[in-house]
Asks: 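Pasting in a structure now, in structure tokens, and then I'll have a few things to ask.
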Amino acid sequence: MDGRRYLDAISSLWVTTVGHRVPRLDAALRAQLDRVAHTTMLGHGNRVVIEFAEELARRLPMDDAHVIFASDGAVAVEQALKIAFQFWTNQGVSGRDRYLAFGGAYHGDTVGAISVGDGGFGTDIFDPLRFPVLRAPGFDRPDAIDVAVGLIAEHAHRLAAVIVEPIVQGAAGMHMLDPAAFAALGDACRDHDVLLICDEVAVGFGRTGTLFASEQCGLRPDLIAMGKGITGGYLPVAATAASARVFDAFLGDDLGPRTLYHGHSYGGNALGAAVALEHLRLLDDEAVLDNVATIADRFATALDDTIAPLASVRAIRQHGLMIGIELAPPSDGLRWGRRIAAACVAEGVLIRPLGDVVIIVPMLTTTADEVDRIVAVVAAAIAGLTPSAAGPIAGPGSDPRVGALG
Ligand SMILES: *Cc1c(COP(=O)(O)O)cnc(C)c1O
């Protein structure tokens with residue numbers, strides 16, 4: 001409105017991957033408009049959606065992946081939960097009606113997703129609606145995977161699936177574990193015959209340095225939920241992928257008892273698929289993941305040099321281009337995260353905190369100069385808070401436009 005320009009350092013809340021207004025993605029969307037905008041996938045097909053599904057399946061770390069589309073990450077998770085449950089019932093196995101999830105988990109805002117999620121964000125009001133889950137510790141505890149492995153061994157006969165955000169729990173405040181730690185989780189699921197659902201909604205599509213975070217963990221999940229970056233941040237597309245083993249359990253008579261009775265009106269939207277397909281090709285053609293590695297290193301050095309030494313910083317967590325700077329406010333209620341973000345926005349760098357964790361989730365195509373600018377602006381904003389500074393930082397302390405993730 002006022003002609004100001006901003007550098008988006010949160011990728012429009014983690015959905016945008018290669019930038020805003022990308023000519024190739026714009027062109028793919030326009031070209032699809034000249035063909036068709038949307039046709040139902042319910043009992044029908046659409047060329048571009050099938051082509052996208054095939055390109056995606058080829059890149060997924062699972063055997064002979066099959067894909068069901070939706071519009072939001074939460075629904076990709078719901079689909080995975082329902083498929084996991086029905087996988088067992090289709091084979092005559094009863095009693096597999098529990099899920100194991102992690103502390104601090106965030107899987108979206110539908111009722112199933114908040115059940116496997118670990119609360120927060122004002123969702124406690126819905127506690128009476130949540131179904132019970134087995135809960136391992138969050139990634140802020142180094143023994144999270146060990147405890148989960150023990151719970152799997154103990155409760156396998158009740159478990160439909162384990163659901164996990166591989167490597168990074170984003171919404172928890174960028175808590176992360178070493179990718180190598182996840183092998184034990186995959187092994188436990190395999191040894192005790194429990195399905196593994198990887199929620200790649202936040203970490204997928206290059207954010208952690210590989211197309212899917214599961215790859216770095218050496219995991220081959222039974223189900224993968226995707227969303228956010230799938231169209232490069234253009235359109236609401238989400239997807240749930242199932243391995244051959246899971247898919248095969250649903251084969252049978254047309255509309256017979258093995259059918260998955262689940263679908264969404266806009267699932268497999270052609271405009272979204274056209275952009276998503278071009279996005280996958282662009283990631284390859286432009287070697288975008290190579291840039292992620294280079295830029296992640298530059299961030300690590302810059303954060304270490306200029307932000308880690310600041311007195312008001314408790315910890316810096318980073319994996320790939322998912323970064324959390326945890327502040328150390330001397331008392332509660334100071335809203336440091338909000339104030340830092342406001343100061344950054346005033347300097348033209350779009351930042352949004354999670355409580356007192358300053359989140360940086362930049363574009364995969366961020367340049368070296370942009371890294372330096374983002375880190376310098378955040379460092380200056382944080383330095384303005386240190387007790388030795390002359391006064392409180394400028395900017396609105398309490399922005400009335402507080403969103404769900406405030
Ligand atoms: C954002 C997110 C979701 C939910 O996706 P929506 O598209 O907002 O419904 C699920 N899981 C994780 C890990 C997320 O970060």
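Whatever order the structure lists ligands and atoms in, that order sets their numbers, starting from 1. Predicted model only: the values in this text are computed from it and were never measured.
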Asks: Do any nitrogen or oxygen atoms of G73 lie less than 3.5 angstrom from nitrogen or oxygen atoms of ligand 1?
Replies: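 Yes, G73 has an N/O under 3.5 Å of an N/O on ligand 1.
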Asks: Specify side chain, backbone, both or neither for D199, according to which of its non-hydrogen atoms lie closer than 4.0 Å to ligand 1.
Replies: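 For D199, the contact with ligand 1 is made by the side chain alone.
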Asks: Any non-hydrogen protein atom below 4.0 Å of atom 8 (O) of ligand 1?
Replies: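 Looking at atom 8 (O) of ligand 1, one finds that no protein heavy atom lies closer than 4.0 Å.
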Asks: Using a 4.0 Å heavy-atom cut-off, say whether E165 meets ligand 1 through its side chain, its backbone, both or neither.
Replies: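 Side chain only; the backbone of E165 stays clear of ligand 1.
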Asks: Using distance alone, decide if ligand 1 has a nitrogen or oxygen within less than 3.5 Å of any nitrogen or oxygen in K228.
Replies: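 In this structure, K228 places an N or O atom under 3.5 Å from an N or O of ligand 1.
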Asks: Can the ring centres of Y99 and F85 be said to be less than 6.0 Å apart?
Replies: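 Not under 6.0 Å, so no.
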Asks: Does the separation of the ring centres of Y266 and F69 fall below 6.0 angstrom?
Replies: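 Distance test on ring centres: not under 6.0 Å, no.
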Asks: Would you check whether A74 has a nitrogen or oxygen atom less than 3.5 angstrom from a nitrogen or oxygen atom of ligand 1?
Replies: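 Indeed, backbone or side chain, A74 has an N or O that close.
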Asks: For the pair S11 (side chain) and P362 (backbone), establish whether a donor and an acceptor sit closer than 3.5 Å, ignoring hydrogens and angles.
Replies: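 Checked: pair present.
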Asks: Is it the case that the ring center of F205 lies less than 6.0 angstrom away from the ring center of F212?
Replies: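 Yes, the ring centres sit under 6.0 Å apart.
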Asks: Would a line drawn from the ring center of H175 to the ring center of F139 be shorter than 6.0 Å?
Replies: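 Between F139 and H175, which both carry aromatic rings, the centre distance is not below 6.0 Å.
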